[in-house]
Amino acid sequence: MGCQEVHAVTLFAFVCGTASISGLFAATLLPQWRQMKLYTYNRNEKNLTVSIGLWVKCTRLEWSRECMMYDMEWYASVDQLDIRVLQFALPFSILTAASALILCLTGICNTTFTSGVPNLKLVKCLVNSSGCHLVAGLLYILAGIMSIMPSIWSVFYNSVLNTKYGPYFTYDIAVFVAIGSSGGMFFTAVLLFLWYCACKSLPSPFWQPLYSHVPSMHSYVPPSYQSRSRMSAIEIDIPVVTHTA
């Protein structure tokens with residue numbers, strides 16, 4: 001299978017990129033980034049668990065999944081630095097990864113619907129399969145860094161809160177979803193780079209199409225004709241004039 005055809009690697013990278021963006025979007029909306037447990041010594045009252053998200057905060061009874069109270073204005077009154085950073089980092093990471101996904105889809109469509117013989121007028125065009133996949137891989141790495149760094153930081157920030165307020169804080173499931181989605185973005189970038197290195201002839205410019213040189217006209221073999229042309233059957237007699245003494 002030639003590199004101008006759609007490889008299973010690029011399709012798998014597209015699926016992984018879509019799954020990673022979906023997982024990061026779900027982690028952004030989940031109200032389960034951090035848990036805060038409130039204990040009481042009164043037997044007539046029950047312990048409370050506060051689930052802290054990026055945008056809302058849910059208060060429920062311990063060992064219960066139903067929220068007793070939603071704080072819908074939590075996003076504006078966040079008093080935890082890591083949550084505030086995540087509010088800005090994750091949306092930007094999603095937008096960057098979405099741009100990479102569009103570029104990856106553009107590269108796949110280009111390899112699918114482009115003919116095997118390159119167009120001589122478009123060989124130097126920047127929009128090509130190799131350029132799309134290369135830039136998409138770089139954007140996936142950037143999106144993964146923007147999402148995984150604050151997500152890991154939120155895990156260690158629990159120790160800061162526990163030191164300051166007491167052993168009441170712990171991380172929740174949304175942290176693992178975000179870290180796993182970031183890892184999926186790095187894996188997608190590796191797949192795109194593998195495809196690029198396997199199909200791109202080096203040392204040609206990185207942004208150029210898969211063909212490293214413009215094919216010359218001498219490389220094209222003219223088609224063979226089975227029958228002679230009709231004009232070849234016409235014989236032209238040229239009279240010769242001789243002078244006699």
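Here the structure is a predicted model, which means the values were calculated and not measured.
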Starting at [atom1] of [X], measure out to [atom2] of [Y] and round the result to the nearest 0.5 Å.
X      : Y      : atom1 : atom2 : result
Cys104 : Leu11  : SG    : CG    : 8.5 Å
Phe156 : Leu161 : CZ    : CG    : 14.0 Å
Trp55  : Met72  : CH2   : CE    : 12.5 Å
Met185 : Ile21  : CE    : CD1   : 5.5 Å

Review point. Under the salt bridge (charged side-chain N to carboxylate O under 4.0 Å, His left out) criterion, do Asp82 and Arg34 qualify, and how do the steps go?
Key: CA-CA 11 Å; Asp82 61 330; Arg34 175 170 292 132; 2.4 Å; yes
Can you tell me if [X] uses its side chain to pair, donor with acceptor, with the backbone of [Y] under 3.5 Å?
X      : Y      : result
Ser93  : Ala89  : no
Thr96  : Ala143 : no
Gln35  : Ser51  : no
Asn162 : Tyr168 : yes
Trp33  : Ile173 : no
Asp71  : Val56  : no
Trp195 : Leu134 : no

Hydrophobic cluster membership, with links at side-chain heavy-atom distances under 4.5 Å among I/L/V/M/F/W/Y: are [X] and [Y] in one?
X      : Y      : value
Ile179 : Phe92  : no
Val175 : Ile148 : yes
Val190 : Leu101 : no
Ile94  : Val177 : no
Ile102 : Leu139 : no

Exercise for review: State whether the number of non-hydrogen atoms from other residues, nucleotides or ligands found under 6.0 Å of Phe186 atom CZ is greater than 12.
Suggested key: yes
Point to revise | CG (Leu61) with more than 12 external heavy atoms under 6.0 Å | key: yes
Check your understanding: Taking the six-membered ring for Trp, are the ring centroids of Tyr171 and Phe176 within less than 6.0 Å of each other?
Key ->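 Yes, ring centres under 6.0 Å apart.
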**Study point:** side-chain contact (heavy atoms from CB on, under 4.5 Å) partner of Leu24, chosen from Ser151, Pro91, Ser147
**Key:** Ser147
